[in-house]
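These notes concern the structure reproduced below.
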Amino acid sequence: MQAVEQQLTQIEQDQICASVAIMLASPLFSGSPRQQRFLDYLVTNTLAGQADRLKGYTIALEVFDRKDDFDPSLDAIVRVEATRLRNKLREYYDTLGTNDAIRIEFPKGSYNLEISIQAAQALERRVASNQLIPTHPRLIDNKPSLAVLPFANISADNAKEYFADGVVDSLISMLSKLSGLFVISRQSSFSYKNTAKTSAQIAAELGVRYLLEGSVQHAGNQVRVTAQLVDAINGGHIWSDRYDRELKDIFALQDELTQNIVSVLQIKLDSAEAAFFGLQATNSIEAHDTLLQAISQHRKYAEQFVNEAVLLFKKSCALDPNYAAAHAWLARSLALTSSQRWNLDPVILDEALLHAERAVELDSQATYAISILGWVHLWRRNREESIAHCRHAVTLDPNNSEAHLFLSIALCAAGFGEEALYYIERAQRFNPIPDVFYTYTQGMCFYVLKNYHKTIVTFEQGCRLNPAFIPNHVFQMFAYERLGMQAEVRQKFETIIALKNGDRSVPLSVLWTDSALAYEYNEFWKQVCARYV
């Protein structure tokens, strides 16, 4: 590390301020306004060259609103809060801020901060040598925490696995709507499909106490679901049951299973949450089964399979025109074909919007449908509508990782980097297993905040998760460009051109709804292309 001297460049000051803003918006500080104010005061005076003002008496008056007759021998507030702040800083850099380029030390016996900046190259060497070992998230301690693991498909027909996955998807969706329960996202839960890890290992990696496991057997018009709830701390099953139903009663089965979990974990429901139960999403089992098949195809995220998913979603809508989930998923698949340039017809986003609006019209409380409506508006560059719908979805379902993800992207696209970072960090707590798109979104937040050192490190992690995902390479290159690291710019540019098979056109559609960011994106690409022709 290179210690920051008294003379700081404007870029260095901007990086420090952005890093502090990110820290103060993190879960460790967001619930402690007194600590936020204290740290902000110390940093502001340090950067202004006024460290000599950082005395206990001055801090008591200007930060903690004490009066002129403040006596530190009678009132220990400054010393107590300083100890708390030192502990919080240590915890932050041990967990959420492990990779920060900016480091703030608060030595004992003084109110002066020591701020240091680590060069991007040094951080990348640490990433490359695997010295950045991810820590497990802390256990949620203010409410029961749960991960629903993939249920085993024990049907004679292996092709019915999509149905077993659909049961788990529905359970996660239902449970995540309950404010008294913390639920891990589908993405992280399904990363343990066919795993050999123990319940204790999985729970530790996800930072939860309970795991729901089970199996699904589907034959003809009959379905059997078994489920057991595991307490990973005590290592035992605390509840189990078996459900034998006709296929037409699958929604009632899922309701009953969810209500049993609520009862066992003693979760209190408000009137709105209690109303979730007993709702029949569709009366057409064929429409539901077709929907589950389509979701399975969509999640392969390849052109052929997504096109197949679109046809299946359309079939589901035809079987039941009032099936909100079918319209929402169709809108998502259509938007994906447009964003990936698999379908260049400009009316494709018009069709996606129609189905997203229809889904919300059919079910105004459907978090997923509202999120997708916001997502489609974002691709149509409707800034305010996108943010409003995504924000509404998060309000309706505070456990939903994708709702947080979409809101973060919408805010980031509009240039609101600090708030966007807050929501992607929350999304990552619901989805703690590294995911390339979540990492990309976090990197974009750092880019908007002009924290280019951390941008580089975050996108490096994304490139390692999926070397073929071009957006991570593009914005890592732009961060190198911002820092004047020309050798790294050229190397990254060559990587991008190789991934694009020699095509030098603008590599991707970026969701900027902020005009300055959109202009900068195109100009940067032109500059780099011209330099290396």
Side-chain angles (χ1 to χ4, degrees), residues 14 18 21-22 332 334-342 344 346 348-350 352-353 356 371-391 393 402-424 427 436-452 454-456 458-459 462-463 469-483 489 492-493 496 500 503-530:
D14 290 344
I22 292 163
R332 183 172 189 173
L334 290 170
L336 182 60
T337 64
S338 175
S339 67
Q340 297 301 308
R341 303 190 179 196
W342 297 331
L344 298 178
I348 202 71
L349 286 177
D350 295 337
L353 181 62
S371 286
I372 296 304
L373 179 55
W375 182 240
V376 172
H377 272 298
L378 183 56
W379 279 105
R380 293 170 63 86
R381 304 300 193 273
N382 297 332
R383 168 177 168 160
E384 302 305 325
E385 293 90 340
S386 175
I387 293 175
H389 288 302
C390 290
R391 201 182 292 282
E402 284 200 320
H404 284 80
L405 173 69
F406 289 156
L407 176 55
S408 177
I409 297 170
L411 290 166
C412 187
F416 303 129
E418 186 175 332
E419 189 180 1
L421 185 65
Y422 169 77
Y423 283 105
I424 190 57
V436 67
F437 198 59
Y438 284 64
T439 302
Y440 165 73
T441 303
Q442 185 181 39
M444 293 299 290
C445 293
F446 290 132
Y447 183 82
V448 170
L449 288 167
K450 300 182 180 180
N451 187 340
Y452 300 120
K454 194 150 190 180
T455 299
I456 289 168
T458 304
F459 282 129
C463 291
F469 188 64
I470 293 177
N472 281 329
H473 294 285
V474 171
F475 282 95
Q476 187 182 39
M477 181 184 72
F478 286 172
Y480 283 136
E481 178 77 4
R482 280 288 195 176
L483 295 175
V489 173
K492 190 58 64 172
F493 178 74
I496 295 166
K500 295 175 81 262
D503 181 5
R504 289 172 175 259
S505 62
V506 176
L508 55 128
S509 296
V510 180
L511 294 174
W512 295 128
T513 54
D514 178 270
S515 58
L517 288 168
Y519 176 79
E520 176 190 90
Y521 169 73
N522 287 300
E523 288 302 303
F524 266 26
W525 182 255
K526 290 178 185 177
Q527 290 173 18
V528 174
C529 274

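All residue numbers in this chain count up from 1 along the given sequence. Side chains are part of it too, since the values below use all heavy atoms of this structure and drop only hydrogens, waters and symmetry mates. All values derive from a computational prediction rather than experimental measurement.
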Those residues at least two apart in sequence (or on a different chain) that pass ring-ring contact (aromatic ring centres under 6.0 Å, His included) with His473 are none

Could you tell me the separation between the CD1 atom of Ile348 and the OG1 atom of Thr337, rounded to the nearest 0.5 Å? 4.5 Å

Under a 4.5 Å cut-off applied to non-hydrogen side-chain atoms, are Ile424 and His404 in contact? no

Regarding Lys492 and Glu481, does a basic nitrogen lie under 4.0 Å from an acidic carboxylate oxygen? no

Kindly indicate whether the side chain of His389, heavy atoms from C-beta on, has any atom under 4.5 Å from the side chain of Val376. no

Are any side-chain N or O atoms of Ser339 and backbone N or O atoms of Leu336, one a donor and one an acceptor, separated by less than 3.5 Å? yes

Excluding sequence neighbours, so at least two apart, what forms ring-ring contact (aromatic ring centres under 6.0 Å, His included) with Phe406? Trp375

Looking at every heavy atom in both Val448 and Cys412, which two are closest together, and how far apart are they? CG2-SG, 3.6 Å

Here the gap from Asn451 atom CG to Leu421 atom CG, rounded to the nearest 0.5 Å, amounts to 9.5 Å

Please name all residues satisfying side-chain hydrogen bond (donor to acceptor under 3.5 Å, both in side chains) with Tyr447, sequence neighbours left out, ordered by chain then number. Glu520

Interatomic distance, Ser338 atom OG to Leu349 atom CG [nearest 0.5 angstrom]: 3.5 Å

Between CG of Asn382 and CD1 of Ile387, what distance do you get to the nearest 0.5 Å? 11.5 Å

Would you mind reporting whether Phe475 and Tyr480 have side-chain heavy atoms less than 4.5 Å apart? no

Can you find a pair of side-chain heavy atoms, one from Leu378 and one from Thr513, that are under 4.5 Å apart? yes

Option among Phe446, Tyr452, Tyr521 that satisfies the ring pair (Phe, Tyr, Trp, His ring centres under 6.0 Å) test with Phe478: Tyr521

Applying side-chain hydrogen bond (donor to acceptor under 3.5 Å, both in side chains), name anything that partners Glu385, two or more places apart in sequence or on another chain. none

Tell me every residue that passes side-chain hydrogen bond (donor to acceptor under 3.5 Å, both in side chains) with Asp350, counting only those two or more places apart in sequence or in another chain. Arg380

What are the two closest heavy atoms between Ala393 and Ser371, and how far apart are they? CB-OG, 3.2 Å

Which value, rounded to the nearest 0.5 Å, describes the distance between Arg381 atom CZ and Asp514 atom CG? 12.0 Å

Quick one, Ile456 and Leu483 - any side-chain contact, counting heavy atoms below 4.5 Å? yes

Answer yes or no: is there a side-chain heavy-atom contact under 4.5 Å between Ser505 and Lys500? yes

With Phe437 via ring-ring contact (aromatic ring centres under 6.0 Å, His included) - residues at least two apart: Tyr440

Answer yes or no: is there a side-chain heavy-atom contact under 4.5 Å between Cys445 and Ser408? yes

Give the C-alpha distance, both sets of side-chain angles, the deciding distance and a yes or no for side chain to side chain contact (heavy atoms under 4.5 Å, CB included) between Arg391 and Leu411. CA-CA 10 Å; Arg391 201 182 292 282; Leu411 290 166; 3.5 Å; yes

Indicate yes or no: at least one non-hydrogen side-chain atom of Asn472 is less than 4.5 angstrom from one of Thr458. no

Give, for atom OH of Tyr423 and atom CD of Glu419, the distance between the pair rounded to the nearest 0.5 Å. 5.0 Å

Phe493 vs Trp525, side chain to side chain contact (heavy atoms under 4.5 Å, CB included): CA-CA, chis, key distance, verdict: CA-CA 10 Å; Phe493 178 74; Trp525 182 255; 3.8 Å; yes

Before you tell me yes or no, could you show the steps for Met444 and Phe459 under side chain to side chain contact (heavy atoms under 4.5 Å, CB included), namely the whole-Å CA-CA distance, both residues' side-chain angles and the distance that decides it to 0.1 Å? CA-CA 9 Å; Met444 293 299 290; Phe459 282 129; 3.8 Å; yes

